[in-house]
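For reference, the structure discussed in these notes is given below.
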There are 2 protein chains.
Amino acid sequence: MSRADRLEAVLHERELGALIVTNLVNVRYLTGYTGTNGVCIVGEGRRVFLTDFRYVTQAAREVDGFDREQGRQDLLEDAAAHLSGRVGFEDFSMTVRQYERLRGFVSEGTDLVPAGRLVEALRAVKDDRELDAIRAAAALADEVLAVVPERGLAGRPEREVALELEDEMRRHGSDPSFPSIVAGGANGALPHARPGDDPIARDTLVVVDLGCMVDGYASDCTRTFATGAIPDPATEVYGLVLETQVASLGEVRAGAPCTLVDAFARDRITAAGHGEEFGHGLGHGVGLEVHELPTLSRAGEGELAEGNVVTVEPGVYVPDQFGIRIEDLVAVGTDGCEVLSGFPKDLIVAG
Amino acid sequence: MSRADRLEAVLHERELGALIVTNLVNVRYLTGYTGTNGVCIVGEGRRVFLTDFRYVTQAAREVDGFDREQGRQDLLEDAAAHLSGRVGFEDFSMTVRQYERLRGFVSEGTDLVPAGRLVEALRAVKDDRELDAIRAAAALADEVLAVVPERGLAGRPEREVALELEDEMRRHGSDPSFPSIVAGGANGALPHARPGDDPIARDTLVVVDLGCMVDGYASDCTRTFATGAIPDPATEVYGLVLETQVASLGEVRAGAPCTLVDAFARDRITAAGHGEEFGHGLGHGVGLEVHELPTLSRAGEGELAEGNVVTVEPGVYVPDQFGIRIEDLVAVGTDGCEVLSGFPKDLIVAG
């Protein structure tokens, strides 16, 4: 059953005659198209893909199982010509402006219905080929992280280290799945720090968070290194985060409610007095995008399912002092999870 | 007059009591904040900036002239508490879903009005500091392009060349402003080709399109190189594109209608029988983003203004054979334009 066929079954359940897919990642998932302007329509027995002049040749190579049509650069009007009846649209990504224009283009009697994240929900469950790509991307992240202790951290600008790690990815034919984070000392307390130009201090902690792309799929992995001896309180927090991370892996299985997996980790960190310093969710789905469904957080919806790929990444951030995050990428199974990240998690000194 | 003050003046003209700014590039433009979650509100005497836990420290460093507030990760509800009366929202970037949620959060009597691209319009006119950054980014692109004839193209995979050029940027402390394009032979006929793994042929044309970031501002420059002797028809088309590009530069000045500048170039290429093969607009604004206002195309709106920075990039794409694009970045002045790209435009053989 093709992805579009699975979507059609969902549309049938929702009593939607068709879905106009404008989110480019979703278009890629359904059609194989990797360009930057494209729309597809999936409906009962209907598979239409539209792109403009610039991507016609590329689409001919990439898109299979859809009727291909060339439209104007703004594809909405040409797409609207295919719509009638009760049509879902992607309200989580379509802008208000696009929606208003689309509404002006569709024929009278066409009912545009906000459809939520239907394709995103399909994407959350990976097939074997997708899992293979993510496994390979995770294995490559392991190799890249191995460069850290080899080349050392202390005295080098964060930015230099980040570029070196990304070079390593490119040498393997990959690209970063997001801008790599190398955050030493107090910078580590900023969960989304950007690498800076100051040299990394000795005797501090350094958060290294990176991911690679393989065959269009992302990985995501974080380790926290030391550049020498670190103070006892930091060592204690490292132990807390590591123990929480490992214990949380044991909670990941099909059927586990997303909020409860997050709460399991959060309760431990809170009980140790660091709840306020764990200001983000425990994890997120990873696939074609580095942040996708499902979400392991207080706001997470639903339960984990077999074939989900999620991060498990508790962190503690002590303002102006240090940050510690340990993150594995895992594939959810019926009785547990397969940990795709293989890099050691004990505190490694990378002087 | 600060950027927020200029926006306030525009809001006054539009009879809007405030604008909720959710487009992150616009938030950055107004507040200086460079993180990935933030919202600001600008109104009569009101300057509020909201971010979540992860970016509070960063915001304290970056954001000046706004009241800073910490909200939950989904900032809309916290932002809504500041809204009342007639409030503009950014319908070109806010999703339908965000809008519906925001509408649910605002107090009764609050009127949410689609405000179009108010901040984008301010951003289109660059101040001196912005122009300096873009000049530097354009100069760096020139230096990077100089690597092409130095190291040669023929026999090397497009991807290897692209990575080499991006490495050169990074050695200068910059980053690519978009994924670099290196497209040889028939690949050059795909205006947005991605670099591939096959070696670039001899005696063909290669489109190289790249840009650099300096102080948050982008540049964008394209040159087409030869890898040896090229057939007469391709040489003729190169002459056409070059002559069109140079002549079009003469049309760029404050007050020129955006559609007419595009038509000037398009008419020449059409008269030479290649109109169908010039399937994109003549140019686009460049600044914090590599594609912004104004747009030089058949759909372009309004007139060029002093301080606009735009590309001038005619191209001809002959399917399955070759593509030729020549692109300069220019700053619009009252009587003409300052060409910021300095790399030679005569056909260079980079064997």
Side-chain angles (χ1 to χ4, degrees), chain A residues 23 34-37 52-58 61 70 72-74 89-102 112 114 116-117 157 159-160 162-163 166-167 170-171 173 175 178-179 186-187 189-194 197 276-281 297-299 315 317 319-320, chain B residues 23 34-37 52-58 61 70 72-74 89-102 112 114 116-117 157 159-160 162-163 166-167 170-171 173 175 178-179 186-187 189-194 197 276-281 297-299 315 317 319-320:
Chain A
N23 176 319
T34 64
T36 59
N37 194 30
D52 73 74
F53 167 85
R54 299 169 297 170
Y55 299 101
V56 166
T57 308
Q58 180 179 347
R61 281 201 302 241
Q70 180 177 338
R72 283 155 289 185
Q73 199 154 326
D74 180 351
F89 72 94
E90 300 191 286
D91 56 313
F92 275 72
S93 47
M94 184 177 280
T95 67
V96 173
R97 167 78 179 172
Q98 288 175 311
Y99 170 72
E100 292 296 344
R101 296 186 65 244
L102 181 61
L112 292 173
R117 289 176 287 186
R159 185 174 154 85
E160 179 189 307
L163 290 180
E166 295 184 352
D167 277 351
R170 294 192 181 94
R171 261 195 293 276
D175 280 302
F178 58 91
N187 294 338
L190 310 173
H192 281 197
R194 267 194 313 265
D197 292 322
E276 289 295 310
E277 296 158 359
F278 175 27
H280 58 70
S297 77
R298 281 171 284 201
Y317 309 92
D320 303 322
Chain B
N23 176 317
T34 63
T36 59
N37 194 30
D52 73 72
F53 167 85
R54 298 168 298 167
Y55 298 102
V56 165
T57 308
Q58 180 178 348
R61 281 201 302 240
Q70 179 177 340
R72 283 154 289 186
Q73 198 154 326
D74 179 350
F89 72 94
E90 300 191 285
D91 55 313
F92 276 71
S93 47
M94 183 176 281
T95 67
V96 172
R97 166 79 179 172
Q98 287 174 311
Y99 170 72
E100 293 296 345
R101 296 186 63 245
L102 181 61
L112 292 173
R117 289 176 288 186
R159 184 174 153 86
E160 178 188 308
L163 290 180
E166 296 183 352
D167 276 350
R170 296 192 180 94
R171 261 195 292 278
D175 280 301
F178 58 91
N187 294 338
L190 310 174
H192 281 197
R194 267 194 312 265
D197 292 321
E276 289 295 309
E277 295 158 1
F278 175 26
H280 58 71
S297 77
R298 282 172 283 201
Y317 309 92
D320 303 322

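Below, read A as the first sequence line, B as the second, and so on, with proteins coming before strands; counting in each chain starts at 1.
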Practice item. Determine the option with the most heavy-atom pairs under 4.5 angstrom with chain B, choosing from Thr57(A), Asp197(A), Val96(A). Key: Val96(A)
Revision key, fill the gap. Turns out that what part of Asp74(B) lies under 4.5 Å from chain A's heavy atoms comes down to neither
Exercise for review: With a 4.5 Å cut-off on heavy-atom pairs, point out which of Pro114(B), Ala189(B), Pro319(B), Ser93(B) contacts chain A the most.
Suggested key: Ser93(B)
Check your understanding: Would one find more than 12 heavy atoms of other residues, nucleotides or ligands at under 6.0 Å from atom CD of Glu100(A)?
Key -> yes
Practice item. Kindly indicate whether the side chain of Leu190(A), heavy atoms from C-beta on, has any atom under 4.5 Å from the side chain of Arg61(B). Key: yes
**Study point:** Short side-chain to backbone donor-acceptor contact, Arg194(B) and Thr34(A), under 3.5 Å
**Key:** yes
Point to revise | Proximity breakdown for Gln70(A) and chain B, heavy-atom pairs closer than 4.5 Å | key: neither
Review point. Where does Glu90(A) contact chain B at under 4.5 Å (heavy atoms): side chain, backbone, both or neither?
Key: neither
Study note, to complete from the structure: Of all heavy-atom pairs linking Phe178(A) and Glu166(A), the shortest is O-OE2, 4.3 Å
Review point. Is the closest basic N to carboxylate O distance between Arg170(B) and Asp175(B) below 4.0 Å?
Key: yes
Check your understanding: If you tally heavy-atom pairs under 4.5 Å against chain B, which of Leu163(A), Asp320(A), Val56(A) wins?
Key -> Leu163(A)
Revision key, fill the gap. Most heavy-atom pairs under 4.5 Å with chain A, out of Gly116(B), Ser297(B), Gly173(B), belong to Gly173(B)
Check your understanding: Side chains of Tyr99(B) and Thr95(A): is there a donor and an acceptor less than 3.5 Å apart?
Key -> no
Check your understanding: By a 4.5 Å heavy-atom criterion (distance strictly below it), what part of Glu160(B) contacts chain A: side chain, backbone, both, or neither?
Key -> neither
Review point. Side-chain contact, heavy-atom cut-off 4.5 Å: His280(A) with Tyr317(A)?
Key: yes
Check your understanding: Considering only heavy atoms, which portion of Gln58(B) lies under 4.5 Å from any heavy atom of chain A: side chain, backbone, both, or neither?
Key -> both
